[in-house]
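Here the structure is laid out as structure tokens; the discussion comes afterwards.
Everything quoted here is computed from the prediction, not taken from an experiment.
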Amino acid sequence: MNYGISILFRAIPLLMALFCFGYGAFVLDMGTDVNRFVAGPVVFSLGMICIALFATAATIIRQLIHTYSTAAKYVLPILGYLAAIVCFIGGMTYINDGITAAHFVAGHVICGVAFITACVATTATASTRFTLIPQNSKRTDHTVPAKAFSSAQGDALIILAVIFAVITWVWTFWLLGQSSTHVAYFVAGHVMAGLACICTSLVALVATISRQIRNTYAGSERKWWPALVLAMGTLSILWGLWILTDIDPDKSSIGYIMIGLGLVCYSISSKVILLAVIWRNVFKLANRIPLIPVLTALTCLFLSAFMFEMATLDDVYFVPARVLAGLGGICFTLFSIVSILESGTSNS
């Protein structure tokens, strides 16, 4: 990877973070409509995921261009976790300070975004020894390299991601269990379900990176981890399609957001699939895999465009239109990450 390309791939997450922060603040500031109190803060919070993705991108790139320092090894993952903490505090504050259902929904969704950010930060932590992956891929044994994570460290990274995912799922079912109380629980619960699918997908990514670094990645894992991510994406999309059949527009419109969250899972699958197919194998189409997040980003943006038109007829589509635009930014950020992975493993 040349230095110019490395700057571009690090700039993309920051530019998408700037888009989410700027667009979210713009939406929130441009009126007093209750929908803006949901769409604005939620889109703004998506920028925190981009910050954590920047930490991941910078962690891998600095190793590839040989500018990785001890300070970067610790500062970049910490940056990701700080973004998650700030996001979670912001979500809880929004819930506690708000008096409307909009604050309740947005606050819970922002907390869910915080757990995704934490999972991405864990991915950045797992990537601190990324250069061992192409080295291990050329080997035929399963001896753990001296510079790899210890068994306890590798397991801790996976368990940490699992904890974040489990908390999100528990929170999801708690909200869904209260759906009969108020429609806000139904909306927040279903969006949280899509966020939980993303967290689960990131568990697969963390496990893949960690186990390949330790050279303990088994042949069967080349199928199971990608299958898990694809299953999560499919679950979120099918769940969203099912919600679209609800006769209540306030509920059915949330289905579009779940579809967008499923597309983010598919974007994550590109990384898990790439690492799986190149592991001790020559895959000539590896450089085509980065097209997956490009296609998902475009799909999110196309759906967003349709939602903007539908919002002129019914306000219930106001929030999905804005959120899908933000999710398109997330997918495009994931394009930079998988491109980095492809570049770092292309010689393996």
Please test C119 against V206 for side chain to side chain contact (heavy atoms under 4.5 Å, CB included), starting from the C-alpha separation and ending with a verdict. CA-CA 8 Å; C119 286; V206 171; 5.9 Å; no
If you apply the rule side chain to side chain contact (heavy atoms under 4.5 Å, CB included), what do you find for L176 with S179, and how did you get there? CA-CA 5 Å; L176 292 177; S179 293; 4.2 Å; yes
Quick one, R36 with T32, criterion side chain to side chain donor-acceptor pair (under 3.5 Å). Give me CA distance, side-chain angles, the key distance, then yes/no. CA-CA 7 Å; R36 295 185 179 276; T32 57; over 6 Å; no
Checking V277 against I289 for the side chain to side chain contact (heavy atoms under 4.5 Å, CB included) test, could you report, in this order, the C-alpha distance in whole Å, the side-chain angles of both residues, the deciding distance, and whether it holds? CA-CA 10 Å; V277 297; I289 293 179; 3.9 Å; yes
Run the side chain to side chain contact (heavy atoms under 4.5 Å, CB included) test on I209 and L275 for me, step by step, so that the C-alpha distance in whole Å, both residues' side-chain angles and the decisive distance to 0.1 Å come before the verdict. CA-CA 8 Å; I209 294 174; L275 291 172; 3.8 Å; yes
Evaluate T208 against W279 for side chain to side chain donor-acceptor pair (under 3.5 Å), listing each step before the verdict. CA-CA 10 Å; T208 298; W279 181 253; over 6 Å; no
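Listed by first then second residue, pairs satisfying side chain to side chain donor-acceptor pair (under 3.5 Å) with a partner in residues 47-58 number zero, not counting sequence neighbours. The list of side chain to side chain donor-acceptor pair (under 3.5 Å) pairs with a residue in residues 117-127, not counting sequence neighbours, reads Y81-T122. Here salt bridge (Lys or Arg N to Asp or Glu O under 4.0 Å) pairs that include residues 193-216, with residues two or more places apart or in two chains, are R211-E221. Residue pairs satisfying the side chain to side chain donor-acceptor pair (under 3.5 Å) criterion with at least one member in residues 153-164, sequence neighbours excluded, are listed as follows: S150-Q153. Evaluation of the side chain to side chain donor-acceptor pair (under 3.5 Å) test over residues 291-311, restricted to residues two or more places apart or in two chains, returns S267-T296.
For the atom pair CG of L327 and CG of L263, the computed distance is 8.5 Å after rounding to the nearest 0.5 Å. Separation of atoms CG (L64) and CZ (F9) is listed at 11.0 Å; rounding is to 0.5 Å. Here L334 contributes atom CG and I292 contributes atom CD1; the two are 11.5 Å apart, rounded to the nearest 0.5 Å. To the nearest 0.5 Å, the span separating CG on L82 from SG on C87 amounts to 12.5 Å. Taking CD1 from I163 and CD1 from I158, the interatomic distance works out to 12.0 Å, rounded to the nearest 0.5 Å. The distance from atom CD of E342 to atom NZ of K271, rounded to the nearest 0.5 Å, is 13.0 Å.
In the model, Y68 has no side-chain atom that pairs as donor or acceptor with a side-chain atom of T59 under 3.5 Å.
Across M232 and S201, no two heavy atoms sit closer than the pair CB-OG, 3.5 Å. Among all heavy-atom pairs drawn from A276 and Q212, the shortest one is N-NE2, 4.3 Å. Contact record, C50 with P13: CB-O, 3.5 Å, taken as the closest heavy-atom pair. Smallest separation of non-hydrogen atoms from C20 and L46: SG-CB, 3.9 Å. The heavy-atom pair separating I247 from P249 by the smallest distance is O-CD, 3.2 Å. In plain terms, the two heavy atoms of R129 and F149 that are nearest each other are NH1-N, 3.4 Å.
Qualifying side-chain hydrogen bond (donor to acceptor under 3.5 Å, both in side chains) partners for W171, counting only residues two or more places apart in sequence or in other chains: none. Residues satisfying the ring-ring contact (aromatic ring centres under 6.0 Å, His included) test with F44, not counting sequence neighbours, are F21. Remark: S151 engages no residue in a side-chain hydrogen bond (donor to acceptor under 3.5 Å, both in side chains) (not counting sequence neighbours). For the ring-ring contact (aromatic ring centres under 6.0 Å, His included) test, no residue two or more places apart in sequence or in another chain qualifies with F318. A search for side-chain hydrogen bond (donor to acceptor under 3.5 Å, both in side chains) contacts involving D141 returns R139, T143, not counting sequence neighbours.
Two residues are said to be in side-chain contact when any heavy atoms from C-beta on lie closer than 4.5 Å; D314 and Y317 meet this criterion. Side-chain contact between V144 and N215 is absent, with no heavy-atom pair separated by less than 4.5 Å. Annotation: side chain of F306 is not in contact with side chain of Y256 (no heavy-atom distance under 4.5 Å). Between T200 and V229, the closest side-chain pair of non-hydrogen atoms is not below 4.5 Å. Within the 4.5 Å cutoff, side-chain heavy atoms of M192 are placed close to those of T168. The shortest distance between side-chain heavy atoms of L244 and I259 falls below 4.5 Å.
Residues I89 make up the rest of the hydrophobic cluster containing I85, defined by ILVMFWY side-chain heavy atoms closer than 4.5 Å, directly or through other members. Connectivity analysis of hydrophobic side chains (ILVMFWY, heavy atoms under 4.5 Å, direct or indirect) links Y94 to L28, F37.
Between the side chain of T234 and the backbone N or O of A231 there is no donor-acceptor pair closer than 3.5 Å. In this structure a side-chain-to-backbone donor-acceptor pair under 3.5 Å is missing from Q178 to Y185. A donor-acceptor contact shorter than 3.5 Å links the side chain of R10 to the backbone of S6. Under a 3.5 Å cut-off, the side chain of D246 and the backbone N or O of K251 do not form any donor-acceptor pair. Judged by distance alone, with hydrogens and angles left aside, the side-chain atoms of D29 form no donor-acceptor pair with the main-chain N or O of A25 at under 3.5 Å. Proximity of a side-chain donor or acceptor of S252 to a complementary backbone N or O of T245 within less than 3.5 Å is not detected. Formation of a donor-acceptor pair under 3.5 Å by the S137 side chain with backbone atoms of P134 is not found in this model.
Cluster annotation: L79 and I61 are assigned to distinct hydrophobic clusters (Ile/Leu/Val/Met/Phe/Trp/Tyr, side-chain heavy-atom contacts under 4.5 Å, transitive). Transitive grouping of hydrophobic side chains (ILVMFWY, heavy atoms separated by less than 4.5 Å) brings I278 and L341 into a common cluster. Under the 4.5 Å side-chain heavy-atom criterion for Ile, Leu, Val, Met, Phe, Trp and Tyr, M307 and F302 are members of the same hydrophobic cluster. Cluster annotation: M16 and I5 are assigned to the same hydrophobic cluster (Ile/Leu/Val/Met/Phe/Trp/Tyr, side-chain heavy-atom contacts under 4.5 Å, transitive). Hydrophobic cluster membership differs between F54 and I60, with clusters built from Ile, Leu, Val, Met, Phe, Trp and Tyr side chains linked at under 4.5 angstrom.
The 12-atom threshold is not exceeded at CD1 of I99, counting heavy atoms of other residues, nucleotides or ligands nearer than 6.0 Å. The 12-atom threshold is not exceeded at CH2 of W224, counting heavy atoms of other residues, nucleotides or ligands nearer than 6.0 Å.
Ring geometry, F332 versus F335: the interplanar angle falls under 30°, so the pair is classed parallel (tilted spans 30 to 60°). Using the six-membered ring where Trp is involved, F115 and F164 have ring planes that are tilted, between 30° and 60° apart. In this structure, H108 and F104 have tilted ring planes: the angle between them lies in the 30° to 60° band.
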